[in-house]
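Atom set for the values below is all heavy atoms of this structure, side chains included, hydrogens, waters and symmetry mates excluded.
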Amino acid sequence: MLNYIWLALVLAAVLIGGATGNLKALTDGAFDATKTAVIGTAFPLIGYMALWLGIMRLAEKSGLVQVIARGLRPLLRFLFPDVPPEDPAMGAMVMNIAANMLGLGNSATPLGLKAMQRLERLNPHPGTATNAMCTFLAINTSSIQLIPATAVGILSAANSTNPTAIIGTSLLATTCAAIAALIAVKFLQRLPIFAVSRSLPEAGELPDQTAQTVQPETGSEPESPPPRPVPLWGGLLLAAFAGCFIYWFFRDTFHPVAIASANSPTAPVSTNSWLSAISAASTLAIPFFLSFFPLYAFVRGVKVYEEFIEGAKEGFNTAIRIIPYLVAILVAVGMFRTAGGIQMIANALGPILNRIGFPADLLPIVFVRPLSGGATIGLFTELVKAHGPDSFIARTAGTILGSTETTFYVLALYFGSVGIRKTRHAVLAGLTADLTGVIVSFLICRAVFGSV
């Protein structure tokens with residue numbers, strides 16, 4: 001499906017640009033998108049990938065990933081019945097989902113790419129997305145957000161009287177989006193049109209043997225001995241280290257609550273506690289991952305420095321491999337947006353949606369969101385300035401921003417990292433989640449904040 005979408009975006013952009021006289025701007029937008037794809041996205045991602053895949057290798061070699069997956073086995077077996085319960089892919093997916101929920105986007109992406117690599121090793125049809133991949137990306141594109149930090153930050157910077165008002169609406173909307181994504185992905189995978197077949201390659205496609213070359217090599221690395229059991233001194237050290245983080249979590253949770261309650265006695269204590277707990281968890285998550293995982297591996301006898309370096313090398317190679325896929329999707333999106341395609345669709349649908357109370361000012365965000373995260377943030381900032389940070393439009397736009405995802409970018413990035421060409425039902429499942437997030441965001445905000 002990405003073949004048709006990509007071609008449609010490029011052709012529509014050129015036709016619209018020619019009709020409106022925007023071909024010069026379209027050309028500039030295409031070249032700017034190539035810079036963004038390589039310099040603004042791929043190069044910074046190299047560092048993130050090297051760091052987090054180094055940490056993930058320590059977690060795998062120490063057996064920690066398997067421990068995490070074993071604890072969530074019932075849920076994971078329901079979601080991913082085709083993946084062996086003890087496979088490292090399970091733990092990698094869990095860590096990616098957890099990072100997304102906490103809003104750790106830069107950390108979640110490398111973990112998700114690692115999970116895709118593990119899933120590709122189980123793929124009996126290289127080049128074609130498996131049911132597990134489609135389910136994982138459906139969860140990823142609709143991941144429940146505990147705090148929409150970007151939207152809250154923009155509202156706060158605009159001097160909103162209550163910038164955290166959209167946290168509850170975003171949480172409910174993204175929960176509905178996640179449920180819709182799971183229902184859609186499980187339903188669509190049963191349809192004959194999305195069945196996996198070993199057909200001859202289509203025109204312009206590479207044969208499956210070539211697709212296998214992008215997979216991580218599994219036979220080039222000697223089998224590592226199993227890690228040793230955790231000794232008594234190691235267990236005490238790990239417990240003491242974890243205890244520090246537990247103490248810091250409660251300190252950072254309840255101390256701000258006491259200050260907030262003193263400054264605003266009318267604010268509900270439960271609300272302050274919830275916000276402080278999520279904020280503390282988000283702050284402590286990355287330091288915990290970066291320190292506890294290497295310590296656990298060391299206690300179990302893993303050579304932490306050497307294994308980290310090996311994982312970092314894998315992260316570097318993965319980041320380089322996804323550059324063509326990033327260039328392809330970001331250039332097509334940049335051309336279509338610069339040519340005025342988004343605004344043209346919004347203008348056409350605006351009068352229709354106004355009849356049901358959906359503000360036409362929200363349409364550009366709705367259409368841009370699956371294509372570009374940066375452009376959506378820019379549009380949201382402009383709406384906040386135009387209508388005020390406490391307006392119905394601003395809060396609804398913030399809720400939409402917090403409960404939807406850049407679906408096409410995510411699919412191109414994740415599938416590109418493992419050479420998947422046939423994405424099957426992943427695009428429809430992701431767009432179903434986005435549509436659900438938009439509809440529920442509008443309905444909830446109209447019920448909570450009132451209409452325009």
- Applying side chain to side chain contact (heavy atoms under 4.5 Å, CB included), run through F245 and S291 and close with a yes or a no. CA-CA 11 Å; F245 279 89; S291 56; 3.7 Å; yes
- Flag side-chain contact, heavy atom, 4.5 Å: N22 against I16: no
- Message: Does the plane of the ring in F136 sit parallel, tilted or perpendicular to the ring in Y414? Use 30° and 60° as the thresholds.
- Response: tilted
- Task: With the side chain counted from C-beta on, respond yes when L413 and L113 share a heavy-atom pair under 4.5 Å apart, and no when they do not.
- Result: yes
- Of all heavy-atom pairs linking P294 and I55, the shortest is CG-CD1, 4.0 Å
- Using the test side-chain contact (heavy atoms from CB on, under 4.5 Å), find all partners of V304 that sit at least two apart in sequence or belong to another chain. L58, A297, F298
- Query: How are the rings of F293 and F289 set to each other: parallel, tilted or perpendicular (split at 30° and 60°)?
  - Reply: tilted
- Item | Any donor-acceptor N or O pair under 3.5 Å, side chains N317, E314 | no
- Rounded to the nearest 0.5 angstrom, the CD1-OG1 distance for I444 and T399 is 8.0 Å
- Message: Apply side chain to side chain contact (heavy atoms under 4.5 Å, CB included) to residues L191 and L188 and explain how you reach the verdict.
- Response: CA-CA 5 Å; L191 299 181; L188 291 172; 3.7 Å; yes
- Determine the minimum heavy-atom distance between A12 and F336, stating which atoms define it. CB-CE1, 3.8 Å
- Task: For F308 and L51, run side chain to side chain contact (heavy atoms under 4.5 Å, CB included): C-alpha distance rounded to whole Å, both residues' side-chain angles, the deciding distance at 0.1 Å, then the answer.
- Result: CA-CA 8 Å; F308 177 87; L51 172 63; 4.1 Å; yes
- Message: Using 0.5 Å steps for rounding, measure from the CD atom of E405 to the CG atom of L411.
- Response: 9.5 Å
- With a 4.5 Å limit on heavy-atom distance, are the side chains of F449 and T169 in contact? yes
- Query: With distance as the sole test, does S156 use its side chain to make a donor-acceptor pair with the main-chain N or O of V152 at under 3.5 Å?
  - Reply: no
- Give a yes or no on whether the backbone of N140 and the side-chain of S143 come within a donor-acceptor separation of less than 3.5 Å. no
- Item | Candidate pair K313 and E310, rule salt bridge (charged side-chain N to carboxylate O under 4.0 Å, His left out), full reasoning | CA-CA 5 Å; K313 291 178 182 178; E310 290 301 316; 3.5 Å; yes
- With rounding to the nearest 0.5 Å, note down the distance linking OG1 in T396 to CZ in R446. 10.0 Å
- Message: Donor-acceptor pair, distance only, cut-off 3.5 Å: does the side chain of N347 make one with the backbone of Q343?
- Response: yes
- Item | T174 (side chain) donor-acceptor with L171 (main chain) under 3.5 angstrom | no
- Any sub-3.5 Å donor-acceptor pair from S62's side-chain atoms to A59's backbone N or O? yes
- Side chain proximity check, V427 to I5, heavy atoms < 4.5 angstrom: yes
- Message: Could you measure the distance from the CE atom of M56 to the CG atom of N96? Nearest 0.5 Å is fine.
- Response: 9.5 Å
Using atom types as modelled, flag every donor-acceptor pair under 3.5 Å from a side chain in residues 177-185 to any protein atom, sequence neighbours excluded.
none

- Item | Side-chain touch T109/Y48, heavy atoms, less than 4.5 angstrom | no
- Would you say the side chain of D28 lies within less than 4.5 Å of the side chain of T338, judging by non-hydrogen atoms? no
- Sole candidate of V333, L330, L371 that passes side chain to side chain contact (heavy atoms under 4.5 Å, CB included) when paired with Y409: L330
- Query: Side-chain contact, heavy-atom cut-off 4.5 Å: W52 with L290?
  - Reply: yes
- Step through the shown structure and confirm whether more than 12 heavy atoms of other residues, nucleotides or ligands are within 6.0 Å of CD1 on I193. no
- Query: Using a distance-only test with no angle check, is there a side-chain donor-acceptor pair under 3.5 angstrom linking N3 and R421?
  - Reply: no
- Task: Measure the shortest side-chain to side-chain distance between L122 and P84 over non-hydrogen atoms and say whether it is less than 4.5 angstrom.
- Result: yes
- R369 side chain to T404 backbone, donor-acceptor under 3.5 Å: yes
- Between OG1 of T150 and CG of L401, what distance do you get to the nearest 0.5 Å? 6.5 Å
- Message: Quick one, F187 with H425, criterion side chain to side chain contact (heavy atoms under 4.5 Å, CB included). Give me CA distance, side-chain angles, the key distance, then yes/no.
- Response: CA-CA 10 Å; F187 170 76; H425 53 289; over 6 Å; no
- Nearest heavy-atom pair of P370 and L431: which atoms, and what distance? CB-CD2, 4.4 Å
- Note on the structure: Sorted by chain and residue number, the side-chain contact (heavy atoms from CB on, under 4.5 Å) partners of F316 (sequence neighbours excluded) come out as I46, I320
- Message: For the backbone of A394 and the side chain of S391, can you confirm whether one donor and one acceptor N or O come within less than 3.5 Å of each other?
- Response: yes
- Rounded to the nearest 0.5 angstrom, the CE-CG distance for M90 and L76 is 5.0 Å
- Message: Which heavy atom of A242 sits nearest to which heavy atom of F292, and what is that distance?
- Response: CB-CE1, 4.4 Å
- Message: Check whether S170 reaches the backbone of I166 with its side chain - one donor and one acceptor, N or O, closer than 3.5 Å.
- Response: yes
- Message: With a 3.5 Å distance limit and no angle check, can you tell me whether N123 reaches the backbone of A129 through a side-chain donor-acceptor pair?
- Response: no
- Task: For A108 and N100, work out which heavy atoms get closest and say how close.
- Result: CB-OD1, 3.3 Å
- Note on the structure: Heavy atoms of E120 and G127 approach each other most closely as OE2-N, 4.0 Å
